[in-house]
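Here's the structure we're looking at; comments come further down.
Sequence lines set the chain letters: A, B, ... in the order given, protein chains first and strands last, and positions in each chain run from 1. Note that these values count all heavy atoms, side chains included, but never hydrogens, waters or copies made by symmetry.
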Amino acid sequence: MPKTDSKTGFFTHDESHRIEFPWKKSFEFALQNFRHRFTRSLITMSSLVLAVAFLAFILVNLNIASGLVEFGGSQFAPLLMEMGFDVDTSLGTVSTGPKERWIVILSLLVCTVGIVNAQLMSVTERFRVIGIFKCLGALDSMILRLFLIEAALIGVAGAAIGAAGGIVFAFLNGLVNFGVASLILVSLADVFVSFLIATAIGFCLSIIGVLYPAIIAARMEPVKALNAQH
Amino acid sequence: MEEKQIIVRVEGVKKTFKMGKQHVHALRGVDLEIYAGEYLSIMGASGSGKTTLFNMIGGLDKPTEGKVFIDEVDISQLDAYELAWLRNRKIGYIFQTFNIIPTLTALENVTLPMTFAGMHNEAATEKGLQLLDLVGLGTRHQHKPLELSGGQQQRVAIARSFANDPAIILADEPTGNLDQRTGEEAIELLRSLCRERGVTIITATHDYKMINVSDRVVWVKDGRVDKEEHRDQLNISLGTIGEKERE
């Protein structure tokens, strides 16, 4: 017979009274959701892939240009300047033009807005599941965590794919414009750093994009979540 | 009968919803005491406020006025963590629309509350299989909800509601989306589990099949308790209710 008298110590925060959702389980559930909603996840991911690819493209182009200026001498300087790079021949440094910087920032902003939009949609679609979770005793933090893990998965995958794609395009671009010299002179370490920077930024954007939708989801009253139309 | 212990106490609960500019009074002051181990049906037509009352008792919604006590604890005083704990361990929910998670298998659905409660995987799986056996779905534990019939989905939901051995089971129109036969089976199942495990079962319904198995019926009308009937009174009036329904 289960106890019906529990007035003593009804709510204490001891070991037997905790509520938890282990990281492993959360991760499995998020991964399952990701697979189950693969198409939607791909759409969310695609804007991230494009923005990060563009970022990586710009960064690696800069790496290639630096390599050319540093080791290839001044012969490339006019060509680079013509292509919109700011080249300082006396110092042997090169930087992107302000216009390009603005386009990159803008594209990242647009991408973030796109992610927020897509994630809001995916949260709305799942109001019911969120309601069920809450009825079964899930804490707000668990719901938040599930969405964050999912966004992290999308973020890492999308950003890595985008960065890799951007690098490939930058190399092709270098090959076409400057010939094989561009591939020989570029520092691979710099390219790798660019890859990491682009991936990290993409990952952060994915997390930033999901924060607002996930907080809305986590704070929902169970009754409202369960009765939500979708 | 031994002295009855009150497990749920509803005190002067009112609930007002805002619909545009209008205020809708779903509950106009309900007082109710529910005893441990009884099978209580809250009966009423749709729109009578029974689902609202049900949500209040389950801590899923907050009353505009009045208080709900579970085990003499005022649930409006609980913080988010305690409320989650209450929903996890103390109360099991069953819904008209089943509300099982479509991406998880029957077994995973049943073990989810146990995971929240910090139970180990093997222990949760074992208990989940036992519960599914109990509701007659032991062999179908790997099926996803969409591969199950409505009656079977509701059985999964019943098994899930018992996951953490709650003291109270709340069932909102558990037979509403089921046909006559599967509905009766679900009720029978609830009734026997109530007796075996000494669990308090509270159902909100307008299904007259539920009356037969109830220890007590509370009729709700226009956001108020219209009348209460005990089992012995019910047997007498049952015939007339059946006739009324047929008319």
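- Residues Arg87(B) and Pro222(A) have side chains in contact (heavy-atom distance under 4.5 Å, counting atoms from C-beta outward).
- Minimum interatomic distance between Phe116(B) and Ala138(A) (heavy atoms only, all atoms of both residues): CZ-CB, 3.8 Å.
- Shown here is Phe169(A), whose CZ atom has no more than 12 heavy atoms of other residues, nucleotides or ligands within 6.0 Å.
- Side-chain contact annotation: Arg128(A) with Thr97(B), donor-acceptor N/O pair under 3.5 Å present.
- Heavy atoms of Tyr93(B) lying under 4.5 Å from chain A belong exclusively to its side chain.
- When atom types are taken as modelled, the side chain of Asn88(B) and the backbone of Leu136(A) share a donor-acceptor pair closer than 3.5 angstrom.
- Crowding of Arg101(A) atom CZ: a count of heavy atoms from other residues, nucleotides or ligands under 6.0 Å exceeding 12.
- Smallest separation of non-hydrogen atoms from Cys135(A) and Phe95(B): SG-CZ, 3.7 Å.
- In terms of heavy-atom proximity, Glu108(B) sits nearest to Gln32(A) at OE1-NE2, 4.1 Å.
- In Phe17(B), the CZ atom is crowded: over 12 heavy atoms of neighbouring residues, nucleotides or ligands sit closer than 6.0 Å.
- Proximity to chain A is limited to the backbone of Ile100(B), based on heavy atoms less than 4.5 angstrom apart.
- Nearest heavy atoms, Ala80(B) versus Leu139(A): O-CD2, 4.2 Å.
- Only the side chain of Phe29(A) comes within contact range of chain B, with heavy atoms under 4.5 Å apart.
- Highest contact tally toward chain A, considering only Ile91(B), Thr115(B), Asn55(B), is held by Thr115(B) [criterion: heavy-atom pairs under 4.5 Å].
- The environment of Phe27(A) atom CZ is sparse: at most 12 non-hydrogen atoms of other residues, nucleotides or ligands sit within 6.0 angstrom.
- From Arg126(A), atom CZ reaches atom CD1 of Ile101(B) across 11.5 Å, with rounding to the nearest 0.5 Å.
- For a residue to count as touching a neighbouring chain, one of its non-hydrogen atoms must lie under 4.5 Å from one of that chain's; by this rule Asn121(B) touches chain A with the side chain only.
- Across all non-hydrogen atoms, the minimal contact from Val223(A) to Leu60(B) is CG2-O, 3.1 Å.
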